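Below is one structure, written out as structure tokens, with a few remarks after it.
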Amino acid sequence: MRTLIAALAFAAVATLTTAAAWAPDPEPPSSVSVKVKPGSSTGTGKLTPVAGAERLVAPLGVDPACPAKIDIGMRSDAKKARFATMNVEIDAPLTASRTMLTSYLPPGHEVRAKLLVAVPPGTEQGEYGLRLRTPAETLTVPVEVTTVDELDNGGNLALRRPVTASSQHASANYPPCSVVDGDRSSNGWAGGNGWNDATGRAWPDTVAIALGGAKQVSRVDLYTLDTERYPADTYGLRDWDVQAQVGGQWQTVAQVRGNTAGDARSDFAPVTADAVRIVALASNGANDYTRIIEVEVR
């Protein structure tokens with residue numbers, strides 16, 4: 001059974017995944033865009049659409065390289081294995097990264113895929129609909145389009161704000177804007193979730209976040225690459241300075257040295273700043289790239 005599941009997952013990925021995203025040597029891609037997992041079936045024959053969230057928030061005016069994203073999928077309750085198809089519809093002018101999801105599914109199995117939702121410039125604020133349709137059922141996921149200023153950021157002043165980086169690795173998808181997309185997980189590394197610079201063994205590297213005006217800040221949390229296969233103590237960021245732009249000048253407000261963890265919190269005396277910058281000075285490991293998953297500013 002394990003062999004069958006692995007083969008099915010491979011077939012689904014080979015058929016449905018988007019272009020592979022490769023990380024700089026020595027790291028191959030660590031995740032795939034379509035995953036099949038086992039379950040149980042009562043034999044009703046129903047194909048049920050599923051989503052990873054009840055609601056999706058899609059901010060206006062963000063970098064197109066970092067669209068809103070949500071997990072979508074379908075679960076088979078058939079008595080026998082089948083090829084299953086789910087149609088994906090979204091209200092204009094919003095656009096989705098796929099119009100359907102198709103997979104070979106044994107009874108009880110579920111397939112999941114990442115869906116990217118883009119909001120074109122000029123889109124009106126409000127609620128739109130994302131619909132996942134199978135022959136038996138339609139699941140509607142509301143999509144709320146709002147501005148970054150009106151976004152519920154949970155106190156994180158960096159969320160979805162503009163980002164400028166010193167460089168970006170060209171061999172895969174490492175957009176600087178991904179360090180403020182709200183996803184702290186390293187699971188999407190090399191697939192659009194995390195920034196990698198282009199200058200291995202050359203320092204410093206910088207990533208700056210504009211806060212949309214003068215804000216009082218006293219804490220910065222940095223999340224670096226950290227998975228079971230690629231742990232932070234071998235691939236993550238080791239040394240960096242935290243800087244705040246105060247009155248048009250960059251000031252170093254905190255320093256981190258010798259880090260081996262996946263995340264590090266820097267607390268400092270409150271300052272009124274309109275931007276925050278990470279100045280990367282060294283990473284763990286031989287190839288010495290800067291790898292940042294997320295930066296939060298409070």
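Everything numeric in this text was worked out from a predicted model, so none of it was measured.
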Applying side chain to side chain contact (heavy atoms under 4.5 Å, CB included) to Arg298 and Asp221, what does each step give before you reach the verdict?
CA-CA 8 Å; Arg298 302 180 186 279; Asp221 295 88; 4.3 Å; yes
Backbone of Asn193 reached by a side-chain donor or acceptor of Ser178 within 3.5 Å
no
Check: Ala190 main-chain N/O paired with Asn173 side-chain donor or acceptor under 3.5 Å
no
Would you call Arg75 and Glu137 a salt bridge, using N to O less than 4.0 angstrom?
no
Look at the side-chain heavy atoms of Ile, Leu, Val, Met, Phe, Trp and Tyr, link any pair under 4.5 Å apart, and say whether Leu94 and Ile72 land in one connected group.
yes
Is Asp181 paired with Arg160 through a side-chain N to carboxylate O contact shorter than 4.0 Å?
no
Salt bridge check, Asp241 against Arg257: does any charged N sit closer than 4.0 Å to a carboxylate O?
yes
What closest approach, in Å, do Asn156 and Glu296 show between heavy atoms, and which atom pair accounts for it?
OD1-CA, 3.3 Å
Heavy-atom side-chain proximity of Arg112 to Val50 below 4.5 angstrom
yes
Note: Lys79 and Pro107 closest approach over all heavy atoms is O-CG, 3.3 Å
Can you pull the salt bridge (Lys or Arg N to Asp or Glu O under 4.0 Å) pairs that have at least one residue in residues 245-254, sequence neighbours excluded?
none
CZ/Arg238 to CG/Asp233 distance, rounded to the nearest 0.5 angstrom?
12.5 Å
Can you name the nearest heavy-atom pair linking Gly200 to Tyr289, along with the distance?
N-CE2, 3.5 Å
Non-hydrogen side-chain atoms of Leu130 and Val88 separated by less than 4.5 Å:
yes
Nearest heavy-atom contact between Ala261 and Thr224 is O-CG2, 3.5 Å
Using modelled atom types and a 3.5 Å cut-off, is there a donor and acceptor pairing between side-chain atoms of Thr134 and backbone atoms of Leu47?
yes
Can any side-chain N or O of Asp77 pair as donor or acceptor with the backbone N or O of Lys46 at less than 3.5 Å?
no
So how far is it from Tyr223 OH to Ser186 OG, rounded to the nearest 0.5 Å?
11.0 Å
Are the side chains of Arg161 and Asp149 in contact, using a 4.5 Å heavy-atom criterion?
yes
Spacing of Asp288 atom CG and Arg201 atom CZ [to the nearest 0.5 Å]
6.5 Å
Connected via hydrophobic side-chain network under 4.5 Å: Val57 and Val62
no
Before giving the answer on side chain to side chain contact (heavy atoms under 4.5 Å, CB included), spell out for Thr272 and Val246 the whole-Å C-alpha distance, their side-chain angles and the decisive distance to 0.1 Å.
CA-CA 6 Å; Thr272 300; Val246 180; 5.8 Å; no
With a 4.5 Å cut-off on side-chain heavy-atom distances among I, L, V, M, F, W and Y, is there a chain of contacts connecting Ile278 to Val217?
yes
Checking side-chain polar atoms at under 3.5 Å, does Arg133 have a donor or acceptor matched by the opposite partner on Thr138?
yes
Rounded to the nearest 0.5 Å, how far apart are CG of Asp226 and CG of Leu237?
12.0 Å
Compare all side-chain heavy atoms of Trp203 with those of Thr290 and state whether any distance is below 4.5 angstrom.
yes
Could you check whether the rings of Tyr174 and Trp189 sit parallel, tilted or perpendicular, using 30° and 60° as the cut-offs?
tilted
Which atom pair, heavy atoms only, marks the closest approach of Val143 to Ala58?
CG1-CB, 4.0 Å
Close side-chain approach of Leu105 to Val111, heavy-atom, < 4.5 Å
yes
Between Thr260 and Asn284, is there a side-chain donor-acceptor contact under 3.5 Å, judged purely by atom types and distance?
no
Would you mind checking if Lys69 and Asp183 are paired as a salt bridge, meaning a charged N to carboxylate O distance below 4.0 Å?
yes
Would you say the side chains of Thr252 and Gln243 form a donor-acceptor pair under 3.5 Å?
yes
Go through it in stages, so that I can follow the logic: the residues are Arg98 and Leu115, the test is side chain to side chain contact (heavy atoms under 4.5 Å, CB included), and I'd like the CA-CA distance, side-chain angles, deciding distance and then a yes or no.
CA-CA 7 Å; Arg98 63 171 74 236; Leu115 184 74; 3.4 Å; yes
If you measure from OG on Ser283 to CG on Asp205, what distance do you get to the nearest 0.5 Å?
7.5 Å
Are Tyr128 and Thr123 close enough that some pair of their side-chain heavy atoms sits under 4.5 Å apart?
yes
Is any side-chain heavy atom of Tyr235 closer than 4.5 Å to a side-chain heavy atom of Thr227?
no
Should Ile292 and Val253 be counted in the same cluster of Ile, Leu, Val, Met, Phe, Trp and Tyr side chains packed under 4.5 Å apart?
yes
Out of curiosity, does Leu151 fall in the hydrophobic cluster containing Leu60 (side-chain heavy atoms, cut-off under 4.5 Å, transitive links)?
no
Taking C-beta and beyond as the side chain, do Glu144 and Leu56 meet within less than 4.5 Å on heavy atoms?
no
Looking at every non-hydrogen atom in both residues, tell me the closest pair between Ala232 and Gly262 and how far apart they are.
CB-N, 3.7 Å
Arg265/Asp263 under salt bridge (Lys or Arg N to Asp or Glu O under 4.0 Å): CA gap, chis, key distance, verdict:
CA-CA 7 Å; Arg265 170 173 168 169; Asp263 60 275; over 6 Å; no
Yes or no on side-chain hydrogen bond (donor to acceptor under 3.5 Å, both in side chains) for Ser166 and Asp197, after CA distance, side-chain angles and deciding distance?
CA-CA 7 Å; Ser166 54; Asp197 78 289; over 6 Å; no
Under the side-chain contact (heavy atoms from CB on, under 4.5 Å) test, which residues partner Ala53, sequence neighbours left out?
Ile70
Between CD of Gln216 and CG of Leu211, what distance do you get to the nearest 0.5 Å?
12.5 Å
